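Worksheet: the structure to be examined is printed underneath.
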Amino acid sequence: MPSTDLPAAWEPAAVEAELYQGWVAAGYFTADVTSDKPPYTIVLPPPNVTGSLHMGHALNHTVMDALTRRRRMQGFEALWLPGMDHAGIATQNVVERQLAGEGLSRHDLGREKFVERVWEWKAEYGGKILDQMRRLGDGVDWSRERFTMDDGLSRAVQTVFKRLFDDELIYRAERIINWCPRCRTALSDIEVEHSEDEGELVSIRYGDGADSIVVATTRAETMLGDTAVAVHPDDVRYRHLIGTEVALPLTGRRIPIVADAHVDPEFGTGAVKVTPAHDPNDFEIGRRHDLPSLTIMDERGVITVPGPFEGLDRFEARPAVVAALREGGRVVAEKRPYLHSVGHCSRCDTAVEPRLSLQWWVKVEPLSRAAGDAVRDGRTKVHPPELAKRYFDWVDNMHDWTISRQLWWGHRIPVWYGPNDEVVCVGPDEQPPSGEGWRQDPDVLDTWFSAGLWPISTLGWPESTPDLAKFYPTSVLSTGYDILFFWVARMMMFGLYAMDGKQPFDHVYLHGLIRDAQGKKMSKSRGNVIDPLDWLDRFGADATRFTLARGANPGSDMALAEEWAAGSRNFCTKLWNASRFALSNGATVAVALPARDSLTDADRWILDAADSLVSEVDSLFEAFQFAKLCDALYHFVWDLYCDWYLELAKVQIAEGGARADATRAVLGHVLDTVLRLLHPITPFVTEVLWKALTGKESVVIADWPVPAGVPADADARRRVEGVQKLITEIRRFRADQGVKPGQRVAARLSGVDEAGLAAHVSAVTSLARLTAPEDGFTAGASLEVPLVGGTVTVELDLSGAVDVAAERKRLTKDLGVAEKELAQCEAKLGNPKFTDKAPADVVDKIRTRRDAAATEITRVQARLAALPA
RNA sequence: GGGCGCAUAGCUCAGCGGGAGAGCACUCGGUUUACACCCGAGCGGUCGCAGGUUCGAAUCCUGCUGCGCCCA
């Protein structure tokens, strides 16, 4: 029946792809660097080239898209810049696995061929996520898509490395680092995840007789590399042993007993074995006491000490060493299982092996201080602000950063070593030294090193490009709070350093983590992962996005389940159907609305509500309150526009003439406003509907709504709310009396004029399914509805027996509510401390409530008394 | 071990000094001319526990219990 071109149902799958291609083809997302508009920039935290879209991405992308789409509509030159990072370890792992399938290792290919192979892999399989972003509707500027291994970005990496090197903020040092024996590379602290694992604690006696000493360890095999035993200098138990030597079991090697204040005498026996090459604390002890460092494993974690354990993996060597010690009577105690903290590689979950090794480091202190200061002095604001503390805790206590990785895929360290131990760092336009004996450092840089440059390198740095001038600093960086340290801290450090102290972003928005319906973390092993692609297929992009945005309360995680997405899909459908109704009834978007005084109460009420919705959505957007703004929109569309205004509009349109025309204009105006407000969150359905409503090109480039600035009509609102209450009470009465919802009931209203609702009788009649009283009308039942202006009495002809029991139950319930209210109010007013100390307006309000409750009680009691027995 | 956060309706969460809210779920009724992905009406909470501050506490403070996260 609707006389519109709109299909009867909203079917996202049928139109989303085409709409998206249309937007891209129209160039809506391509930022114009020559524009006079103020810039608004978001760089996408680059997803991993090996990755595919998960719910965390979907949430983050929804946020960024909503922010940029709104700003674009507000007249900003909005740039949302996409791209990917090269993910050194992950990508190398993927390609090595592929090679392994062919029976090859990367060493069989050699470095150059291997890197070629990675590029081939990227061309064929990499960047799946980019297509998935299109399905989500991401309004990114594809013309500016970047990859961290691109020439320009690589140049940025080399440039900043050289600068840091020359500023002595990059150095090379031999230290204990986190080593992944599977990836065979160093990891930074942040790439190590700790968990409480079951292991063993073995107590071993070193030396014999009175001079022996017992130490405990969870990594027994490391005793092969012990070069001392340490005790606390004040520990009377061992004071006589300090300076002596004991024989290391199994090897017989003699090692000293040293005194070190960092040993905790309370822990275990108070004596610790010292393995400087395989433990960070021991390394420090070794340094203080000038102990040798014995490396006992190779890069795969295989024992290299000549003897019975040589060639064993560390986890095979551990029980073998314990067994040998046990055999020699050296094991004093064994505790198994023993729960202790173990570090794991964040990429492959292998237990990290602390390893002495020569690596490149960033001296972070001056950089991290600047990164902290930018937030401290408000140049960059963190949302929600509570998380700033966590940021400070991190950047203010940051350790130097290991940036070299023993990989082939990545930015190679631009340092050459000469035949006479020369070390030359080469800048981007410099020729590396050549000749006999010169070689480049074989390692590459941590992926986060290039990712940290992302906000500047993508805009063209180190060149002074127009993009950089126009779009830097960026406006917002959005990411999950779990990777605050990865993205935010590093981008801040490098951005500030490279851009002379200009912060890389004005705002940092940190969203929560996605969880399942029970609030549990999603994980493959739990089997509770929800695939956003599945939702995109089944519910559409808009529903997926709305669900995510609606769950995004600042600082807190969100639980997701299919029901949420179904609810959002229902919301889109509701919007669709409401729009079909409006359009089929001739809703229009006029240049100017009819004069306000020619409009009805309902018209003014919904226009005022739409106006305040605009203000509310605006301030919520500014505060990154996505959940609340979604709720506000949902409530307005469903509970105000659909449930009430559309129903009232039916009555007004039925009047015909100017009234109907004005109603069509209001219907269209409000719908237009709502569609534009919703567009940043649900771009697809709003696009189709808005084009149908306005006939214009695209809501993507429409103006963002602004409040009309007309003072709200409080009287109209009061009367509409009175009408609503009256209708609801009649419906309640009908339901209690078992009257079918569709059945029309003859009714006589009185007191309507006194309540100021004379103009609304037809609305009440229509929405409460009433008919005018005719001859033979019998007022078999009646109800009273107290309103602000007066009480309206409704007499109904139920043409049958009144359900007295139901009526008594209803009235009794009403009485109970009123009595409770009265008791509460009187308790307060009877307390002189309350009347003395509470603000006058509060006391007045309670008095008013008390009086209303008292009146209501009298009224309801009278009704109850009048009921037949 | 250090730090942080959370405990409000069956579930997921808002509210954070003056009348306990939302979505979903649930119950009842429904071919009402946009919509059953819907309409109408309902049910449901001593706001974790114990103290304290206040005329007044879900809301502020202290302690406890339970859960979660980050760091070591």
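Numbers restart at 1 for each chain; the letters A, B, ... are given by sequence-line order, proteins then strands. Not measured: the values here are computed from a predicted model.
One C1' atom belongs to B:U62, the other to B:U54, and the distance between them is 16 Å to the nearest Å. Atom name P, nucleotides B:C61 and B:G18: the rounded distance is 15 Å, in whole Å. Nucleotides B:A58 and B:C16 have their C1' atoms positioned 8 Å apart, rounded to a whole Å. One P atom belongs to B:C49, the other to B:A9, and the distance between them is 11 Å to the nearest Å. Nucleotides B:C47 and B:A72 place their C1' atoms 36 Å apart, quoted to the nearest Å. Using P as the reference atom, B:U12 and B:G1 are 29 Å apart when rounded to the nearest Å. Between the P atoms of B:G19 and B:C13, the separation comes to 27 Å (whole Å). If you take atom C1' in B:C38 and the same atom in B:G48, they sit 39 Å apart, rounded to whole Å.
Taking atom NE2 on A:H262 and atom P on B:A72, their separation rounds to 17 Å, with Å as the unit. With rounding to whole Å, A:I727 atom CD1 is found 14 Å from B:U32 atom C1'. Between the P atom of B:C69 and the CZ atom of A:F485 lies a distance of 15 Å, rounded to the nearest Å. One interatomic measurement links the two molecules: NZ of A:K809 to P of B:A41, which rounds to 16 Å at whole-angstrom precision.
Of the listed nucleotides (B:G18, B:C70, B:U12), B:U12 has the atom at the smallest distance from the side chain of A:A559. Closest to the side chain of A:K574, from the set B:U32, B:C35, B:G18, is B:C35. With B:C55, B:U32, B:A22 as the choices, the nucleotide that has an atom nearest any side-chain atom of A:R769 turns out to be B:U32. The side chain of A:E821 lies closest to B:G19 when the candidates are B:A72, B:G19, B:C13. Proximity note for A:K828 (side chain, C-beta onward) versus B:G18, B:A14, B:A34: the nearest is B:G18. Considering only side-chain atoms of A:K813, the nucleotide from B:G42, B:C55, B:G18 that sits closest is B:G42.
Side-chain N/O atoms of A:K820 include none lying less than 4.0 angstrom from OP1 or OP2 on B:G19. Regarding contacts with the backbone of B:C37, every side-chain N or O of A:R569 stays at 4.0 angstrom or more from both OP1 and OP2. Between A:S556 and B:A14, a side-chain N or O to OP1/OP2 separation shorter than 4.0 Å is present. Not one side-chain nitrogen or oxygen of A:N577 sits closer than 4.0 Å to the OP1 or OP2 atom of B:C37. Between A:K521 and B:G68 there is no side-chain N or O to OP1 or OP2 distance below 4.0 Å.
At least one test fails for A:R569 against the ring of A:W564: distance under 6.0 Å to the centre or angle within 45° of the axis.
Within residues 631-639 of chain A, the residues approaching RNA chain B are A:Y634, A:W638, by heavy-atom distance under 4.0 Å. Interface residues of residues 728-742 of chain A facing RNA chain B, ordered by number: A:T728, A:R731, A:R732, A:A735, A:K740, A:P741; criterion, heavy-atom separation under 4.0 Å. If you check residues 385-393 of chain A against RNA chain B, the residues with a heavy atom closer than 4.0 Å are A:K389, A:R390, listed by number.
Under a 4.0 Å N-O distance rule, the pair A:E687/A:K691 qualifies as a salt bridge. The pair A:D396-A:R369 does not count as a salt bridge, with every side-chain nitrogen at least 4.0 angstrom from each carboxylate oxygen. A salt bridge between A:D851 and A:R847 is absent, with no side-chain N of the basic residue lying under 4.0 Å from a carboxylate O of the acidic one. Comment: A:D736 does not engage A:K809 in a salt bridge, judged by the lack of any side-chain N to carboxylate O separation of less than 4.0 angstrom. At a threshold of 4.0 Å, the pair A:D393-A:K389 counts as salt-bridged, since one of the basic side-chain nitrogens sits closer than that to a carboxylate oxygen. The pair A:E856-A:R849 fails the salt-bridge criterion, with no side-chain N (NZ, NE, NH1 or NH2) lying under 4.0 Å from an Asp/Glu carboxylate O. Ionic pairing of A:K628 and A:E616 is not present here: no N-O contact between side-chain nitrogen and carboxylate oxygen is shorter than 4.0 angstrom.
When the ring-ring contact (aromatic ring centres under 6.0 Å, His included) test is applied to A:F626, the partners found at least two apart in sequence or on another chain are A:Y509. In this structure, the side chain to side chain donor-acceptor pair (under 3.5 Å) partners of A:E647, at least two apart in sequence or on a different chain, are A:K650.
Contacts of A:D643 with the nucleic acid, taken as non-hydrogen atoms under 4.0 Å apart, involve only primed sugar atoms and P, OP1 or OP2. A:C572 comes within contact range of no nucleotide atom at all, as no heavy-atom separation falls under 4.0 Å. At a threshold of 4.0 angstrom between heavy atoms, the contacts of A:P839 include nucleobase atoms, whether or not backbone atoms are also involved.
Base pairing in RNA chain B gives the following stems of 3 or more Watson-Crick or G-U pairs, range against range and under 3.5 Å: B:1-7 with B:65-71, B:10-13 with B:21-24, B:26-30 with B:38-42, B:48-52 with B:60-64.
Along RNA chain B, the nucleotide nearest A:E563 and the nucleotide nearest A:W644 are compared for position; the residue whose nucleotide lies closer to the 5' end is A:E563.
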